[in-house]
Amino acid sequence: MSHPWIDRPAHKAWLHSEAQRLLSFGAAAERPEAGFGWLDNNGLLEAVHGTPTWVTCRMTHVFALAHMMGVPRAGTLADHGVRALLGPLRDTEYGGWYGGINPEDRPTQTAKSAYEHAFVLLAAASAAAADRPGGRELLDLAIAVIEERFYDEKLGRCHESWDRAWTESEEYRGINSHMHLVEAFMATAEVTGRSHWLERALRIAEFAIHEVAADHDWRLPEHFTTDWQPLPEYNTGDRAHPFRPYGVTVGHLLEWSRLLVQLDQAFGAAAPGWLMSDAEALFDAAVRRGWHVDGAPGFVYTHDWNDAPVVRERMHWVLTEAIAAAATLLRRTGDPEYDRWYRTWWDYAERVFVDRERGSWHHELGPDNRPSDTVWSGKPDVYHAFQTAILPLYPLTPAFCSAVGAAPEWD
């Protein structure tokens, strides 16, 4: 086979151009009052959503990375996000962060969730790595909340959510939040130099993937009781939930595949052998059970425990994670099969997902591969697409914030 696309200067130039295009679109998410808001299909702020914490965190992370890449104005946009996270999005009375604020800058959700706090930690790590004002302060605050309120050192896992005053914990445990905690823990380890964050990430991955997913033939249960018993019928009445859907979420298998390779990179010669074998098994399961399985191109959002598609909408983030996983595995193994998938999925993305007319990517397509809004409306953020565009430009590292500190290979 010819040289992989990820090694071709012309392809890397194309990726760089795509990353710049996404940044230009995402800059419109800045809310002058605080943080970043939700963009509609035309790139206009939807005031009804106010300032979601997870959107603000993702965009702060993206602009911090862009600043380290040398993109003008990205640093000031990252600073805008940091100020919001140190300001109105933070609960100064009880600690931690609200789920968001409304257009009047009042909390829209006072519960404290591990999902949002994982992204606070990620944004803080990237802002600190970029040496932005307030970045280190935000990182110290986020670390303290994770360690004091969420992470159970004995168990090696986290609480899912608390009420505002940290008195009652939700009777649910989820893998989605833990997946993003793994991402944030690796970034925190890179920025602080404290290896126990890598050990924590490994413990979560070992449970979620090497124990649970492997035991279910790589069909990953994501919903659990408080004593970590799987809940296979969870949300059977709300199967298209954007964060806690019923059944197997195909995109998360691909996202975990990438994260396991990054964990393997973090541990180097000391990495457990199962990290790479499990990463490849997850990738294979996602492709076999999720890609082109209903007669049309694309990944279905979810399938059931017998592998039948449930929610057939195509999510942009699933495709971006497929591309990123293929690139990561190709970089790590050199197997040309990953290059074949990498090319296939970028061709598909350009054909149906990349919105050249109005900007960014369509966040969701229907089973007919036309824009849809069954699960997601608008184009809330550029986090997944931007990371996928820049990943092949840099050396393989445990976190994006450390990758962009190295010399770009596309020069």
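Keep in mind it's a predicted model, so treat the numbers as computed, not measured. Position 1 is the first residue of the sequence, and the numbers go up from there.
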Original post:
Applying salt bridge (charged side-chain N to carboxylate O under 4.0 Å, His left out), which residue pairs with at least one partner in residues 63-76 are found, sequence neighbours left out?
Top reply: E30-R73

Original post:
Do H178 and W228 have ring centroids that are under 6.0 Å from one another?
Top reply: yes

**OP:** Establish, for the pair R173 and F224, whether the NZ or CZ atom is under 6.0 angstrom from the six-membered ring centre and no further than 45 degrees off its axis.
**Re:** no

Subject >> Among F63, F119, W317, ring pair (Phe, Tyr, Trp, His ring centres under 6.0 Å) partner for Y383 >> reply: F119

Subject >> Minimum heavy-atom distance V55-G37, with the two atoms named >> reply: CG1-O, 3.5 Å

Original post:
Which residues pass the side chain to side chain donor-acceptor pair (under 3.5 Å) test with Y94, sequence neighbours left out?
Top reply: none

Original post:
Under the ring-ring contact (aromatic ring centres under 6.0 Å, His included) test, which residues partner F25, sequence neighbours left out?
Top reply: none

**OP:** Quick one: which residue pairs count as a side chain to side chain donor-acceptor pair (under 3.5 Å) with a foot in residues 136-152, not counting sequence neighbours?
**Re:** E147-R200

Subject >> Which residues share a side chain to side chain donor-acceptor pair (under 3.5 Å) with H362, sequence neighbours left out >> reply: none

Subject >> Backbone of I175 reached by a side-chain donor or acceptor of E222 within 3.5 Å >> reply: no

**OP:** Using the test salt bridge (Lys or Arg N to Asp or Glu O under 4.0 Å), find all partners of D40 that sit at least two apart in sequence or belong to another chain.
**Re:** none

Original post:
Is a side-chain N or O of H80 found less than 3.5 angstrom from the main chain of G35, in a donor-acceptor match?
Top reply: yes

**OP:** Only counting residues at least two apart or in another chain, list the ones meeting side chain to side chain donor-acceptor pair (under 3.5 Å) with T167.
**Re:** D163

Original post:
Is it true that the NZ or CZ of R244 lies under 6.0 Å from the centre of Y172's six-membered ring and within 45 degrees of the ring axis?
Top reply: yes

**OP:** Using a cut-off of 6.0 Å, state whether more than 12 heavy atoms not belonging to R370 lie near its atom CZ.
**Re:** no

Original post:
Counting only N and O atoms by type, is there a donor-acceptor contact under 3.5 Å from the side chain of H363 to the main-chain atoms of D381?
Top reply: yes

Original post:
Sequence neighbours excluded, which residues qualify as salt bridge (Lys or Arg N to Asp or Glu O under 4.0 Å) partners of R106?
Top reply: none

**OP:** State whether the number of non-hydrogen atoms from other residues, nucleotides or ligands found under 6.0 Å of E153 atom CD is greater than 12.
**Re:** yes

**OP:** Quick one: list whatever passes salt bridge (Lys or Arg N to Asp or Glu O under 4.0 Å) with R90, sequence neighbours left out.
**Re:** none

**OP:** Not counting sequence neighbours, which residues clear salt bridge (Lys or Arg N to Asp or Glu O under 4.0 Å) with D79? List them please.
**Re:** R132

**OP:** Just grab all the salt bridge (charged side-chain N to carboxylate O under 4.0 Å, His left out) pairs involving residues 109-118, residues at least two apart or on different chains.
**Re:** D91-K112

Subject >> Any residue meeting side chain to side chain donor-acceptor pair (under 3.5 Å) with Y301, in chain and number order, not counting sequence neighbours >> reply: none

